[in-house]
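One structure is given here, and the rest of the page talks about it.
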Amino acid sequence: DSGVTQTPKHLITATGQRVTLRCSPRSGDLSVYWYQQSLDQGLQFLIHYYNGEERAKGNILERFSAQQFPDLHSELNLSSLELGDSALYFCASSQGQGAQETQYFGPGTRLLVL
Amino acid sequence: AQSVAQPEDQVNVAEGNPLTVKCTYSVSGNPYLFWYVQYPNRGLQFLLKYITGDNLVKGSYGFEAEFNKSQTSFHLKKPSALVSDSALYFCAVRDTWGYQKVTFGIGTKLQVIP
């Protein structure tokens, strides 16, 4: 158990809908990262927040947004969902934002868009 | 741009035999290198990382990895494989120059045969 929690574990929804995925980092960690894992794209970095501020964006679609709250938990919002958004979504946390820091991953949210 | 390659989709090894999972990387500056393991329906678990110093890094569950700068490689090794080591292994790299996301390889499936 990494100490990173994600809810829900599974999510089934329809195209065009909007969902929110939630992540709580390990105690004391200030950074939260979001990743998408799909069979054809592998593990893709989406976005990084550090202490409430957006630090970097990766391959995140405009339909997707995220935020980190004062209690350091983070939410990833996915809107206008398409079939291709079906994937595993992971969040990870680290203590700081240095490149050498280890990221600890949550168990993921499996999203299925029908 | 940084990249990481895992040239083998799958590695099969007999229980008790040594195992190697290969990883090569490309960065502009110096690399930080990571290995993670993913069991079915689970998040990624951190195994070990290379930051600086000794080229041989020891990690969790008896795994180790050797950093070879001239060959730009960071192969994961274990002297004696266990059936329970069967999983998906990811190599990851992060450039020390500027802000760089973590780039993950596509993963190598390790199958340990009893």
Side-chain angles (χ1 to χ4, degrees), chain A residues 1-10 21 23-26 29 31-50 53-60 87-112, chain B residues 1-10 23 25 27-53 57-60 63 65 67 74 87-109:
Chain A
D1 184 5
S2 67
V4 179
T5 61
Q6 289 186 249
T7 56
K9 280 189 173 180
H10 304 277
L21 313 183
C23 169
S24 292
R26 296 186 318 157
D29 284 0
S31 274
V32 170
Y33 307 80
W34 285 97
Y35 292 88
Q36 180 192 58
Q37 186 181 35
S38 60
L39 283 174
D40 56 343
Q41 297 277 355
L43 200 63
Q44 297 289 317
F45 166 71
L46 295 178
I47 198 163
H48 170 200
Y49 276 84
Y50 174 74
E53 299 288 329
E54 182 185 301
R55 184 67 179 87
K57 273 186 174 180
N59 303 323
I60 189 166
L88 262 172
Y89 291 85
F90 290 107
C91 81
S93 73
S94 66
Q95 193 169 31
Q97 56 178 334
Q100 77 281 9
E101 304 237 5
T102 299
Q103 295 180 22
Y104 294 91
F105 282 74
T109 293
R110 185 176 294 275
L111 174 66
L112 181 59
Chain B
Q2 64 187 31
S3 65
V4 60
Q6 293 182 245
E8 301 154 318
D9 289 338
Q10 181 159 335
C23 171
Y25 67 89
V27 294
S28 300
N30 292 310
Y32 293 135
L33 293 154
F34 305 82
W35 275 103
Y36 286 84
V37 60
Q38 185 179 28
Y39 297 97
N41 301 313
R42 302 285 294 276
L44 277 69
Q45 293 179 35
F46 170 71
L47 282 178
L48 52 80
K49 68 180 177 183
Y50 171 81
I51 302 300
T52 188
V57 179
K58 294 190 182 297
S60 306
F63 284 93
F67 171 63
F74 190 56
L88 190 58
Y89 289 80
F90 290 94
C91 180
V93 66
R94 200 170 188 183
D95 199 332
T96 60
W97 187 81
Y99 180 93
Q100 295 291 340
K101 63 180 182 181
V102 177
T103 297
F104 286 84
I106 61 170
T108 297
K109 183 178 179 180

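Predicted, not measured: the structure shown is a model, and the values here were computed from it. Numbers restart at 1 for each chain; the letters A, B, ... are given by sequence-line order, proteins then strands.
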Quiz item: Which region of B:Arg42, side chain (C-beta onward) or backbone (N, CA, C, O), has a non-hydrogen atom less than 4.5 Å from a non-hydrogen atom of chain A, or is it both or neither?
Solution: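 For B:Arg42, the backbone is the part near chain A, not the side chain.
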Find the distance between [atom1] ([X]) and [atom2] ([Y]) and round it off to the nearest 0.5 Å.
X	Y	atom1	atom2	answer
B:Ile106	A:Leu39	CD1	CG	11.5 Å
A:Leu46	B:Lys101	CG	NZ	10.0 Å
B:Arg94	A:Phe45	CZ	CZ	7.5 Å

Exercise. Check salt bridge (charged side-chain N to carboxylate O under 4.0 Å, His left out) between A:Lys9 and all other residues, then give those that pass, not counting sequence neighbours.
Key: none
Quiz item: Which one, B:Phe34, B:Phe104, B:Phe90, leads in non-hydrogen pairs under 4.5 Å with chain A?
Solution: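 Going by pairs under 4.5 Å, I would pick B:Phe104.
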Quiz item: chain B: which of A:Ala99, A:Gly98, A:Pro107, A:Gly42 shares the most heavy-atom pairs with it under 4.5 Å?
Solution: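 Between A:Ala99, A:Gly98, A:Pro107, A:Gly42, the count favours A:Ala99.
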Quiz item: Within a strict 4.5 Å, meaning less than it, do heavy atoms of the B:Val102 and A:Tyr35 side chains meet?
Solution: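 The answer is yes; the side chains approach within 4.5 Å.
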Quiz item: Counting only heavy atoms not in A:Glu54, do more than 12 fall under 6.0 Å of its CD?
Solution: yes
Quiz prompt | Exceeds 12 heavy-atom contacts within 6.0 angstrom, atom CD of B:Gln10 | solution = yes
Quiz item: Under a 4.5 Å heavy-atom cut-off, does chain B meet the side chain of A:Gln37, its backbone, both or neither?
Solution: side chain
Quiz item: Where does A:Asp1 contact chain B at under 4.5 Å (heavy atoms): side chain, backbone, both or neither?
Solution: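 When you check distances to chain B, no heavy atom of A:Asp1 falls under 4.5 Å.
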Donor-acceptor contacts, no H, no angles, side chain residues 44-53 of chain B, under 3.5 Å, sequence neighbours left out:
{"from": "B:Gln45", "atom 1": "OE1", "to": "B:Tyr61", "atom 2": "OH", "distance (Å)": "3.4"}
{"from": "B:Lys49", "atom 1": "NZ", "to": "A:Gln100", "atom 2": "O", "distance (Å)": "2.8"}
{"from": "B:Lys49", "atom 1": "NZ", "to": "A:Thr102", "atom 2": "OG1", "distance (Å)": "3.0"}

Quiz item: B:Tyr36 and A:Gln103: which non-hydrogen atoms are nearest, and at how many Å?
Solution: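 Closest heavy-atom pair between B:Tyr36 and A:Gln103: OH-O, 2.7 Å.
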